[in-house]
S.K.: 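Please find one structure pasted underneath; my questions will follow.
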Amino acid sequence: MAEDDGGLGAVLTGLGREAGLAAVGIGAATVFEETRRVLFERKGRGLDGGMQFTYRNPERSTDPGRILAEARSLVVGAWSYRRGDEVGATGPAHSPRGEVARYARADHYASLRRALDPIAGHLRAAGWRATVVCDDNALVDRAAAHRAGLGWFGKNSLMLLPGQGSWFVLGSVVTDALLRPTAPVDLPSHGGGCGTCTRCQDACPTGALAEAGSVDARRCLAWLVQAPGPFPVEFRRALGGRLYGCDECQRVCPINRVADRKRPPPPAGADEVGWVDLLDLLDSSDDELLAAHGRWYIPGRDPRYLRRNALVALGNVGQGSDPSTERALRVWLRADDAMLVEHAQWAARELGRHDLVEGSSDRAARVP
């Protein structure tokens with residue numbers, strides 16, 4: 001890398017901070033060899049659980065040169081989604097609700113992209129090529145953030161920023177400009193900054209963090225709510241009232257807790273919805289569901305998977321004696337979708353309404 005970039009790197013990181021990035025750093029755009037090795041190793045063991053994203057093509061997602069030919073530098077930014085717990089909810093207070101993970105309560109990736117755009121724009125104006133990459137399977141964002149000195153990998157595999165924690169979405173500007181790397185920070189190795197703490201591993205509802213720093217996607221609720229097919233029966237109770245995502249390993253992290261005490265998080269924005277009325281969701285049309293939640297990752301853009309998640313959550317947090325809940329169950333027990341019939345049967349049984357299940361078994365038997 002260059003000994004002197006004429007102060008361009010400092011200008012770029014300054015632009016990022018002015019645009020609202022909580023942290024910004026610079027690293028080389030060379031191949032992430034170790035990350036590539038780890039991805040292939042974990043995929044070979046089946047830990048990807050069918051997840052695509054950066055597992056889809058590790059040779060591509062670990063090589064910034066696949067994004068921009070002759071890439072030489074990465075400018076990496078972190079956008080905070082740390083907010084207070086008082087967030088918006090849909091539906092009446094007495095209705096059963098499904099929880100939405102913090103990162104998905106608003107379009108934080110759009111905010112991140114807007115913060116990275118001035119960096120890319122400045123580079124282009126100076127005659128360099130630059131491409132913004134965020135929420136994209138083209139690049140392992142955590143590996144880029146680690147190389148740029150933003151933080152270290154916690155035992156929950158997330159990027160932990162010193163003194164700030166892990167409530168961040170990450171993105172990069174890939175450029176052919178030769179920039180001076182961010183001054184090296186004395187960052188611990190994977191999980192090294194966590195010391196003997198295992199709170200995230202102990203708190204995981206399904207044991208997906210059995211190996212420190214590695215997630216078994218086959219057990220991870222954050223992935224299972226996005227995965228196609230039936231929701232695994234053995235993890236349905238563990239899902240609790242979650243509709244989309246899971247924050248448990250971040251909630252219990254001492255670094256996040258200390259950050260909250262030292263600098264209380266800002267209040268949630270008016271557009272941030274942390275709880276969704278499950279009965280309203282189950283009563284919504286396909287178009288209504290995609291209009292409300294279309295920016296979430298939904299397999300095949302098929303709203304049936306939102307209904308699947310809602311039925312599991314309803315079975316965990318609903319009340320079988322509630323007339324509105326009974327009506328919703330009756331509707332989905334008679335549905336033409338065998339997968340949803342089976343999930344409705346499970347929910348009905350969990351709520352003690354075995355009487356509703358009779359007559360719906362034939363439909364559920366057709367689950368592929």
Side-chain angles (χ1 to χ4, degrees), residues 1-38 54 61-65 67-68 71-82 112 115-116 118-120 122-123 128 130-134 136 138-195 213 250 253 255-256 258-259 262-263:
M1 294 294 287
E3 291 297 320
D4 183 7
D5 59 13
L8 179 58
V11 171
L12 298 173
T13 55
L15 285 172
R17 285 189 290 269
E18 289 174 10
L21 294 176
V24 57
I26 297 172
T30 52
V31 174
F32 297 102
E33 297 286 2
E34 175 61 14
T35 301
R36 179 179 292 182
R37 183 195 66 77
V38 169
T54 50
S61 63
T62 56
D63 183 2
I67 299 169
L68 182 71
R72 302 167 89 180
S73 304
L74 302 170
V75 185
V76 187
W79 180 270
S80 175
Y81 59 88
R82 189 171 69 98
L112 171 63
L116 293 171
I119 298 173
H122 189 90
L123 283 162
W128 302 104
T131 300
V132 175
V133 183
C134 62
D136 193 317
L139 186 67
V140 183
D141 52 14
R142 281 172 282 188
H146 185 261
R147 177 176 287 176
L150 268 60
W152 78 92
F153 293 98
K155 291 182 179 178
N156 59 4
S157 85
L158 298 177
M159 181 62 43
L160 284 162
L161 277 61
Q164 299 191 70
S166 61
W167 301 107
F168 298 94
V169 288
L170 305 168
S172 300
V173 176
V174 185
T175 179
D176 58 350
L178 191 58
L179 304 173
R180 175 181 292 187
T182 303
V185 178
D186 186 17
L187 294 173
S189 59
H190 284 36
C194 303
Q250 298 194 80
C253 177
I255 297 175
N256 283 330
V258 169
K262 289 184 175 180
R263 293 179 301 280

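One is the number of the first residue; the rest follow in order along the sequence. What you see is a predicted model, and the numbers here were worked out from it, not measured in a lab.
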S.K.: Say you draw a straight line from CG of Leu12 to CZ of Arg17; how long is it, rounded to the nearest 0.5 Å?
M.R.: 10.5 Å
S.K.: Donor-acceptor pair, Ser166 side chain versus Leu160 backbone, under 3.5 Å?
M.R.: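 Such a contact is absent between Ser166 side chain and Leu160 backbone.
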S.K.: What is the minimum heavy-atom distance between Gly171 and Leu112, and which atoms define it?
M.R.: N-CD2, 3.5 Å
S.K.: With sequence neighbours excluded, tell me which residues meet ring pair (Phe, Tyr, Trp, His ring centres under 6.0 Å) with Trp167.
M.R.: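 Per chain and number, Trp167 pairs via ring pair (Phe, Tyr, Trp, His ring centres under 6.0 Å) with Tyr81.
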S.K.: Would you name the heavy atoms of Gly25 and Leu150 that are closest together and state the gap between them?
M.R.: N-CD1, 3.5 Å
S.K.: CZ of Arg72 to CG of Leu178: how many Å apart, nearest 0.5 Å?
M.R.: 4.5 Å
S.K.: Look only at the side chain of Arg142 and the backbone of Ser157, and say whether a donor-acceptor pair between them is shorter than 3.5 Å.
M.R.: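 Flag set: sc Arg142 to bb Ser157 pair under 3.5 Å.
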S.K.: Could you tell me whether the side chain of Lys155 and the main chain of Gly193 form a donor-acceptor pair under 3.5 Å?
M.R.: no
S.K.: Could you measure the distance from the CG atom of Leu123 to the CG atom of Leu15? Nearest 0.5 Å is fine.
M.R.: 9.0 Å
S.K.: Looking only at heavy atoms, what is the nearest atom pair of Ile119 and Gly16, with distance?
M.R.: CD1-CA, 3.9 Å
S.K.: Just by distance, do the side chain of Ser80 and the backbone of Arg82 share a donor-acceptor pair under 3.5 Å?
M.R.: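 Looks like yes, one N/O pair under 3.5 Å.
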S.K.: Can you run down the ring pair (Phe, Tyr, Trp, His ring centres under 6.0 Å) pairs that involve residues 6-36, sequence neighbours left out, and say none if there aren't any?
M.R.: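 For residues 6-36, and leaving out neighbouring residues, there are no ring pair (Phe, Tyr, Trp, His ring centres under 6.0 Å) pairs at all.
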S.K.: Search all heavy atoms of Ala78 against all heavy atoms of Leu161 and return the closest pair with its distance.
M.R.: CB-CD2, 3.9 Å
S.K.: Where do Arg147 and Thr30 land on the side-chain contact (heavy atoms from CB on, under 4.5 Å) test, with the steps shown first?
M.R.: CA-CA 10 Å; Arg147 177 176 287 176; Thr30 52; 3.1 Å; yes
S.K.: Which heavy atom in Thr175 sits nearest to a heavy atom in Leu179, and how many Å separate them?
M.R.: CG2-CD1, 4.2 Å
S.K.: What heavy-atom pair brings Pro64 and Ala71 nearest, and what distance separates the two atoms?
M.R.: O-CB, 4.0 Å
S.K.: Starting at OG of Ser172, measure out to CG of Asp136 and round the result to the nearest 0.5 Å.
M.R.: 10.5 Å
S.K.: For Val38, what residues pass the side chain to side chain contact (heavy atoms under 4.5 Å, CB included) criterion, not counting sequence neighbours?
M.R.: Glu34, Arg42
S.K.: How long is the gap from CZ on Phe153 to CE on Met159, to the nearest 0.5 Å?
M.R.: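 These two atoms lie 4.0 Å from each other.
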S.K.: Report yes or no: does Thr13 contribute a side-chain atom to a donor-acceptor pair with the main-chain N or O of Val24 at less than 3.5 Å?
M.R.: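 Side chain of Thr13 to backbone of Val24: no pair is present.
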S.K.: Walk me through it: do Val133 and Leu116 pass the test side-chain contact (heavy atoms from CB on, under 4.5 Å)?
M.R.: CA-CA 9 Å; Val133 183; Leu116 293 171; over 6 Å; no
S.K.: Roughly how far apart are Asp63 CG and Thr35 OG1, rounded to 0.5 Å?
M.R.: 12.0 Å
